[in-house]
Participant: 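What follows is a structure written as structure tokens; I'll ask about it next.
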Amino acid sequence: MSQTMNRQNDLSVLLNEIEDYNQTVKAILAFAAFVVHDAVTRRAGAKFGFGRRMETSAENRIQPSTEVTPDLVAQKSPAYGIVAEAKKRLERDTARWERHVDQLRKYDDNLIGWWTEDETIPNSNTVLLIHQSRSRPFVKYLESTKNYDPEAVGARSCVVEFNCSEETATYYNYRLEYGQLDDDELAERLTDGVPVPLDKVLRSFGYVRYYDSEPPLPLLLTNLWSDILPAMAADSQYEDHLKAYRIEASVEKVTSELQRAYGSQILSKDARSVEFPKHSWVRKAFERLVAYKLGNLPPEGSDVFELHYRRFRKDILQRFVELEHDWIASQSKQKKRIIKEESLFPKLDLPL
Amino acid sequence: MKRRLEESDAPKFRSYFRALLQRGDNAAVFNAVDSLDVARPFWVRIRVLYSETSPAQVVEKLVEKRKLVRINDRALSFSYTCTIGQENRREIEVPFFIASFDQQQLKESVQAVVSVCQRDEWNALKRLLRTEYPRLVPILLSQRELVNGAKRLRLSTGHAIRVRDLSAREPIESPLGQTRKSVREWTDEDLDKVLLAVQDRHQLITSLNLEFFPILGERRHVVPKATCKIRKTGEIEADGSFALAFQAVAAEVARVGYKKLSFYSGRGLRQSQYRPLPLEINFPLPVFDDVEVVRSLVQLLVQYPHSMHAVHHGNPYAHVKLTDMTDLSGFEIWAVSPSRLALLPGLRASAAAFERLVDYVFEHFREGDVANYE
């Protein structure tokens with residue numbers, strides 16, 4: 001395969017990761033909307049959170065008495081709720097699916113952390129939200145695992161497949177593929193299949209761009225470059241010699257603004273909520289901009305990066321995907337060179 | 001036919017107009033311009049502008065920056081001096097004044113820049129005013145606003161309105177697909193009849209030249225009281241009664257522009273304290289059920305002038321991020337339902353940037369109704 005084709009393949013892989021992340025955010029949101037809305041309005045007292053800090057019971061088979069952060073915790077009423085984990089893709093190697101079964105088992109518990117007085121809930125289900133392309137093979141795997149070890153899959157575990165379809169409008173469709181929901185109304189609808197219009201999700205939660213999982217770096221960089229940094233550049237000076245705006249960007253401040261505008265602070269907030277995007281993601285993004293020669297590192301002890309903001313002629317997402325690919329390639333070349341140099345001059349363990 | 005000035009008389013006329021702007025208060029200046037007999041190649045030229053404070057305040061800042069000179073302490077009269085021309089460079093002075101729409105009870109965030117000058121002088125002044133974008137925002141009229149505005153004029157002025165000429169863009173089929181040709185038509189027809197023809201031919205009007213004839217019962221005067229050329233950029237060239245042109249035509253542009261820009265204002269997340277205030281454009285018929293249309297929309301957005309873009313999705317639905325590099329506003333655009341386009345403003349989204357984006361969609365894609373997306 002030529003180098004150009006290799007590069008194109010690598011770029012496609014990066015673009016697919018970005019698409020997966022975007023779709024996962026929307027799939028979780030649309031599913032949350034399905035639980036907390038009754039198709040007309042939001043149910044009274046219904047709540048949901050991304051990555052909510054919950055506690056497992058002392059009897060938990062996988063991790064007793066520990067803190068877990070499922071992708072979604074959605075409470076339909078004080079009597080019923082769903083804990084969900086989303087997977088847009090699964091590994092081809094089924095041997096690596098065991099950890100997903102374990103994760104499902106871990107959440108299939110009397111978790112503490114619901115929005116009730118004693119933070120418990122009488123009825124709940126644990127759902128693996130999985131893309132339609134992998135749902136049936138995963139259900140087969142789950143059943144075979146259960147045959148082998150009946151305790152490996154919890155009684156309240158379910159698998160719900162999703163896909164994004166375009167008919168007259170764009171919908172996220174959900175269908176129960178495994179298990180039994182403890183809520184009759186949701187069970188009936190999910191068994192038949194539920195379409196949730198993306199338009200409705202956008203109206204309610206169009207600004208949620210992240211969940212409690214780190215986004216691919218080019219995606220975060222695209223969001224920063226298309227929106228956050230221009231808003232900061234508007235208060236900065238354009239410098240002719242740099243051909244860019246010089247921006248003083250604090251990791252702390254930018255993270256806080258991302259959380260308010262596009263992250264955790266859009267959703268309901270309490271002591272169990274997690275914050276996202278995280279400082280570490282933003283710091284990594286800024287460091288990568290420095291590596292791309294679009295800024296300078298902060299002085300020792302400071303979190304304020306100097307970024308050089310300029311216009312990209314081509315698609316911003318495409319540009320960052322290419323920059324990231326080239327950066328990864330240069331890093332692996334460098335590593336290879338170091339390994340080669342080390343093998344030419346092996347370290348000798350000589351006695352002093 | 002309007003009298004044409006001898007070339008040697010043009011400087012004398014300019015100097016006379018400058019003197020008019022220096023006498024009395026705003027009302028006196030307004031009346032003086034109304035009674036001024038304007039000969040060719042001079043026209044009364046009006047540009048309605050919007051500002052979150054007031055256009056006059058922005059213009060005052062230009063005086064502080066020494067780009068303009070204020071020539072009357074009691075009225076908003078100014079003078080702009082610059083050099084124009086490539087080969088034959090010459091220094092020009094463009095006197096102008098700022099008129100408010102007090103009688104129409106419009107707030108000071110919308111005002112008009114008025115001058116009596118030649119085209120190249122007017123263009124020089126407009127170039128200066130453009131440097132103040134987005135503090136000074138032009139009013140961009142959609143086809144519907146232009147047509148409805150023109151229709152309302154008959155009622156508001158009580159005059160018979162006839163169309164003298166119109167410029168438009170008309171769709172044509174070419175080997176490369178559908179494109180548009182520019183047309184200019186001279187006519188002498190009733191406004192309603194012309195507007196029907198425009199609708200039938202799917203024309204997009206770029207300017208409309210109207211004559212206002214006084215009427216008494218069923219009888220119509222043969223000499224128009226005023227002639228006004230209205231451009232979709234919110235610019236007006238008037239001949240005859242300035243008061244009629246200003247109070248009817250410019251005021252209509254101001255009313256539409258104020259309503260629209262106030263609606264777009266304050267929607268950036270920072271300005272709204274992070275409360276989402278997105279908009280939607282609703283099209284009368286479903287359009288995005290055809291994937292080709294979705295693709296063409298994405299192509300169009302990618303070509304948005306003075307912008308950066310990121311296409312997240314182009315098929316079967318559209319999800320595009322746009323950054324307006326003229327004032328660094330950001331938007332997310334979604335087409336996920338058949339007859340609706342959602343516009344989600346980013347951290348910074350000025351009213352000017354919203355207006356420019358909506359105008360671009362209307363002009364190059366389709367016109368629709370703008371509403372809150374909630």
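No experiment lies behind these values; they were computed from the predicted model shown. By convention in this document, chain letters (A, B, ...) are assigned in the order of the sequence lines, proteins followed by strands, and residues within each chain are numbered from 1.
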Participant: Quick check on B/F331 against chain A: is it the side chain, the backbone, both or neither that has a heavy atom closer than 4.5 Å?
Facilitator: neither
Participant: Please tell me whether B/Y274 and A/E257 have a donor and an acceptor in their side chains that are separated by less than 3.5 angstrom.
Facilitator: yes
Participant: How close do B/M308 and A/R310 get, heavy atom to heavy atom, and via which atoms?
Facilitator: SD-O, 4.1 Å
Participant: Looking only at non-hydrogen atoms, find the nearest pair between A/G206 and B/L344 and report the distance.
Facilitator: O-CD2, 3.8 Å
Participant: Measure the OG-CG distance between A/S226 and B/L328 for me, rounded to the nearest 0.5 Å.
Facilitator: 12.0 Å
Participant: Applying side-chain hydrogen bond (donor to acceptor under 3.5 Å, both in side chains) to A/D199 and B/Y373, what does each step give before you reach the verdict?
Facilitator: CA-CA 10 Å; A/D199 189 48; B/Y373 184 61; 2.6 Å; yes
Participant: Among B/G330, B/A335, B/A310, B/S329, which has the most heavy-atom pairs under 4.5 Å with chain A?
Facilitator: B/A310
Participant: Measuring heavy-atom distances to chain A, does B/R270 have an atom under 4.5 Å in its side chain, in its backbone, in both, or in neither?
Facilitator: side chain
Participant: Which bit of A/Y262 comes within less than 4.5 Å of chain B, counting heavy atoms only: side chain, backbone, both or neither?
Facilitator: side chain
Participant: Taking all non-hydrogen atoms of both residues, which atom of A/A169 and which atom of B/S337 are closest, and how far apart?
Facilitator: CB-CA, 4.1 Å
Participant: Select one option (side chain, backbone, both, neither) describing which atoms of B/H319 are under 4.5 Å from chain A's heavy atoms.
Facilitator: neither
Participant: Which atoms of B/S339 are under 4.5 Å from chain A, going by heavy atoms: the side chain, the backbone, both sets, or neither?
Facilitator: neither
Participant: Within the distance-only criterion (no hydrogens, no angle test), does the side chain of B/R348 pair as donor or acceptor with the backbone N or O of A/D227 below 3.5 angstrom?
Facilitator: no
Participant: Side chain, backbone, both or neither: which part of B/L347 has an atom under 4.5 Å from a heavy atom of chain A?
Facilitator: both
Participant: For A/F320, is it the side chain, the backbone, both or neither that has a heavy atom under 4.5 Å from a heavy atom of chain B?
Facilitator: neither
Participant: Which atoms of A/L15 are under 4.5 Å from chain B, going by heavy atoms: the side chain, the backbone, both sets, or neither?
Facilitator: neither
Participant: Between chain A and each of B/A349, B/P345, B/A342, count heavy-atom pairs under 4.5 Å; write down the option with the most.
Facilitator: B/P345
Participant: Between A/E19 and B/H312, is the side-chain hydrogen bond (donor to acceptor under 3.5 Å, both in side chains) condition met? List the steps.
Facilitator: CA-CA 8 Å; A/E19 176 58 12; B/H312 280 282; over 6 Å; no
Participant: Can you name the nearest heavy-atom pair linking A/R203 to B/E374, along with the distance?
Facilitator: NH1-O, 2.9 Å
